[in-house]
Amino acid sequence: METKNIAKGVLLVALGSSAYGMLATIVKLAYGEGYTTAEVTTSQFTLGLLGLIILNIINRKKLKPIQKGDTTKLLIFGSSMGFTSLFYYLSVQYINVSIGIVLLMQSVWISIVIESFLDKVLPSARKILATMMVLFGTLLATNVFNQSIDLDIRGVFWGFLAACSFSTTMFVSNRIATYLPNTQKSLFMLLGGAIVVGAFLFFSQIGPYYFDGLKSFYNLFSSNTEGISAFDASIFLRYGLFLSLFGTILPPLLLTAGFPNTGLGLGSIVSSIELPVSVLFAFFLLNEKVEWIQWLGIACILGAVFYMNANQLKSSHSKIS
């Protein structure tokens with residue numbers, strides 16, 4: 001029975017992580033049709049919120065009272081979900097999806113730094129070595145040794161901020177209001193992210209379109225040289241349903257259901273499938289060229305995740321045996 005649960009957990013975590021891996025390619029396709037980052041994120045979070053509200057209504061008997069102060073904490077720290085999407089989607093305006101996802105995977109070592117700082121404990125030698133492997137793999141995966149490569153610093157900047165924000169989301173998700181059902185907790189966190197996305201929509205598109213004094217914000221957040229446009233509501237039907245389903249609804253539900261069965265070690269290893277899935281989607285749908293040295297770097301990063309969680313993986317295996 002336990003072996004079956006492990007297999008089920010692996011499948012759920014793999015599906016949830018793969019869903020995340022598809023997002024950047026779909027966003028890139030939306031950019032190709034003239035949609036903006038504000039339109040993409042607004043459609044994703046609006047429909048995502050609607051979906052989670054419906055799920056909470058369906059599961060209302062399982063909802064629990066929220067302890068004092070936790071609502072505010074979830075909204076504040078949930079804002080990192082909005083920042084992650086914004087920063088990640090901004091980054092792929094300027095760089096390839098395959099490089100953007102590698103930058104997002106820097107959350108592996110950033111999480112170690114955050115954990116060490118908050119717990120006031122130095123990272124183990126294993127974690128330090130894993131960090132070095134991730135950094136070396138990143139150098140290979142971004143192909144910086146190829147002098148002809150054109151890495152837009154704006155894309156690198158936004159990509160790194162996305163990794164920092166994503167690390168915050170992962171860390172907080174395991175420490176705040178852990179007693180709440182996943183759908184209930186995700187709703188409040190997503191609401192915090194939606195507030196950030198709403199502010200971004202105003203300052204990057206609606207504000208600059210209607211108020212001349214805010215036009216400078218547009219150039220800060222957009223690579224579109226055709227000028228400021230009104231909000232295009234067709235994004236909701238064109239890409240919003242897909243982005244909300246695979247970006248804000250299914251992954252949290254699948255990952256939360258899967259991790260208790262796999263354990264943190266095995267779950268972390270399986271969840272890193274997001275990296276190759278994202279690169280493969282970009283390769284097949286966007287025709288992005290991926291050099292062999294970049295695949296080597298990706299393998300190095302995946303190897304670091306495996307190495308860092310090897311002890312927990314052995315523990316899970318021994319329990320099954």
Side-chain angles (χ1 to χ4, degrees), residues 16 19-20 23 27 37-91 104 107 110-111 113-115 117-119 158 160-207 217 221 231 236 240 243-257 259:
Y20 273 137
L23 291 180
V27 170
T37 302
E39 290 165 349
V40 167
T41 51
T42 298
S43 65
Q44 177 180 332
F45 276 74
T46 300
L47 295 178
L49 270 175
L50 180 60
L52 282 174
I53 288 173
I54 293 173
L55 287 175
N56 275 278
I57 292 175
I58 294 174
N59 297 319
R60 58 185 178 278
K61 293 183 178 179
K62 297 181 179 180
L63 302 183
K64 297 181 179 179
I66 301 181
Q67 296 176 8
K68 184 178 180 180
D70 280 350
T71 299
T72 302
K73 291 179 182 178
L74 287 173
L75 290 175
I76 293 175
F77 290 108
S79 64
S80 62
M81 294 180 67
F83 282 120
T84 299
S85 293
L86 286 176
F87 294 152
Y88 187 35
Y89 296 167
L90 283 170
S91 73
L104 186 64
S107 58
I110 294 174
S111 296
V113 174
I114 293 176
E115 181 183 39
F117 178 76
L118 293 181
D119 292 343
W158 292 122
F160 182 72
L161 285 184
C164 293
S165 184
F166 186 53
S167 300
T168 303
T169 300
M170 290 192 300
F171 195 78
V172 170
S173 295
N174 294 322
R175 295 212 172 193
I176 295 179
T178 54
Y179 57 89
L180 292 177
N182 182 48
T183 53
Q184 187 178 4
K185 182 177 178 179
S186 296
L187 177 61
F188 283 97
M189 291 188 67
L190 192 60
L191 181 57
I195 294 173
V196 171
V197 169
F200 178 81
L201 170 64
F202 176 78
F203 284 105
S204 69
Q205 187 164 351
I206 293 179
F217 284 100
F221 297 117
F231 186 88
F236 284 97
L243 290 171
S244 61
L245 183 63
F246 290 93
T248 55
I249 298 177
L250 285 180
L253 297 177
L254 291 171
L255 293 175
T256 304
F259 265 96

Worked check of side-chain hydrogen bond (donor to acceptor under 3.5 Å, both in side chains) between T168 and S80: CA-CA 7 Å; T168 303; S80 62; 5.7 Å; no
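Not one N or O on the side chain of S244 forms a donor-acceptor pair closer than 3.5 Å with the backbone of Q44. A distance-only check finds no donor-acceptor pair linking the side chain of K62 to the backbone of N56 [under 3.5 Å]. T46 places no side-chain N or O within donor-acceptor distance of the main-chain N or O of S43, the cut-off being under 3.5 Å. A distance-only check finds a donor-acceptor pair linking the side chain of T84 to the backbone of F166 [under 3.5 Å]. Proximity of a side-chain donor or acceptor of Y88 to a complementary backbone N or O of L23 within less than 3.5 Å is not detected. Looking only at distances, a side-chain donor or acceptor of S204 sits under 3.5 Å from a matching main-chain atom of F200.
Here the CZ-OG distance, from F83 to S85, works out to 11.5 Å after rounding to the nearest 0.5 Å. The distance from atom CG of L47 to atom CG of L52, rounded to the nearest 0.5 Å, is 11.5 Å.
With a 4.5 Å cut-off on side-chain heavy atoms, M81 and V196 do not count as touching.
For L63 against P181, the heavy-atom pair with the smallest separation is CA-CG, 4.4 Å. Minimum interatomic distance between F246 and P251 (heavy atoms only, all atoms of both residues): O-CG, 3.0 Å. Closest approach of L75 to F188, counting heavy atoms only: CD2-O, 3.4 Å. Nearest heavy atoms, K64 versus Q184: O-NE2, 2.8 Å.
Ring pair F231/F236 is tilted by interplanar angle, where 30° to 60° counts as tilted.
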